[in-house]
Amino acid sequence: RGLPATQFMSASAFVLPAEHSGMRALSDEKRSLKDANTMKSVNQAIGRCIRHINDHAVIILCDERYQQPQIRSRLPAWMKESTKDYDCFDTVAAELETFFEDREREVP
């Protein structure tokens, strides 16, 4: 295991709002603990997307909770600068196409 060598990698994250949030009834303390445990798993999964120097990935987080500052702050630091919020998947699809076309041109 280890941290991704991000200076050599490309990543984009797209955040789409979702209508579901089953955590509203939890106390603040329980919600915080659940958020921390969930984000640990999310960050482990994100870290597995990019493993070596020639990797590139798009990470799509389709849940309105990723727009909340207290959740967004728990995303990996190397990913935060390229995270974007979207209201419409059509825009995401167009940017995905551009992202992978650009990466394809970068690889010799």
Side-chain angles (χ1 to χ4, degrees):
R1 292 194 180 200
L3 296 174
T6 59
Q7 65 270 27
F8 301 111
M9 301 176 194
S10 298
S12 284
F14 300 95
V15 180
L16 294 170
E19 298 301 320
H20 176 72
S21 178
M23 292 178 48
R24 290 190 175 107
L26 296 177
S27 71
D28 288 342
E29 185 177 329
K30 286 182 181 178
R31 181 178 299 136
S32 181
L33 181 59
K34 187 166 183 157
D35 287 348
N37 288 333
T38 300
M39 291 308 296
K40 179 179 178 184
S41 296
V42 168
N43 287 334
Q44 286 174 338
I46 289 170
R48 290 185 182 114
C49 292
I50 301 178
R51 300 307 298 171
H52 62 80
I53 193 168
N54 294 319
D55 279 349
H56 54 268
V58 173
I59 300 156
I60 301 175
L61 305 169
C62 296
D63 193 310
E64 66 186 358
R65 289 173 284 189
Y66 293 106
Q67 293 177 325
Q68 299 172 8
Q70 68 273 20
I71 300 295
R72 174 87 45 105
S73 69
R74 293 180 177 177
L75 291 172
W78 58 267
M79 189 176 123
K80 288 179 186 173
E81 68 184 45
S82 61
T83 301
K84 302 175 185 178
D85 294 334
Y86 293 90
D87 293 322
C88 173
F89 193 78
D90 291 342
T91 306
V92 175
E95 287 200 27
L96 284 170
E97 185 175 352
T98 300
F99 176 84
F100 284 107
E101 286 172 352
D102 291 348
R103 299 299 86 70
E104 195 172 279
R105 282 192 289 273
E106 292 173 0
V107 177

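From a predicted model like this one, the values you see are computed outputs, not experimental measurements. Basis for what follows: all heavy atoms, side chains included, without hydrogens, waters or symmetry-related copies.
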Counterpart residues, side chain to side chain contact (heavy atoms under 4.5 Å, CB included), relative to D102 (two or more places apart): T98, R105
side-chain contact (heavy atoms from CB on, under 4.5 Å) evaluation trace for D63 with I71: CA-CA 11 Å; D63 193 310; I71 300 295; over 6 Å; no
Criterion side-chain contact (heavy atoms from CB on, under 4.5 Å) on F100 and V58, from CA distance to verdict: CA-CA 9 Å; F100 284 107; V58 173; 3.7 Å; yes
Neighbour count above 12 (heavy atom, 6.0 Å) for K40 NZ: no
Over 12 non-hydrogen atoms of neighbours within 6.0 angstrom of CD in E101: yes
For the [atom1] atom of [X] and the [atom2] atom of [Y], what is their distance to the nearest 0.5 Å?
X: I59; Y: T83; atom1: CD1; atom2: OG1; result: 8.0 Å
X: T91; Y: K84; atom1: OG1; atom2: NZ; result: 11.0 Å
X: L61; Y: M79; atom1: CG; atom2: CE; result: 5.0 Å
X: R74; Y: T38; atom1: CZ; atom2: OG1; result: 9.0 Å

Verify same cluster id: F99, F89 (apolar side-chain graph, 4.5 Å): yes
Pairing of R72 and D85 as salt bridge, 4.0 angstrom limit: yes
Heavy-atom side-chain contact between M39 and L75 under 4.5 Å: yes
N43 vs I46 side-chain heavy atoms within contact, under 4.5 Å: yes
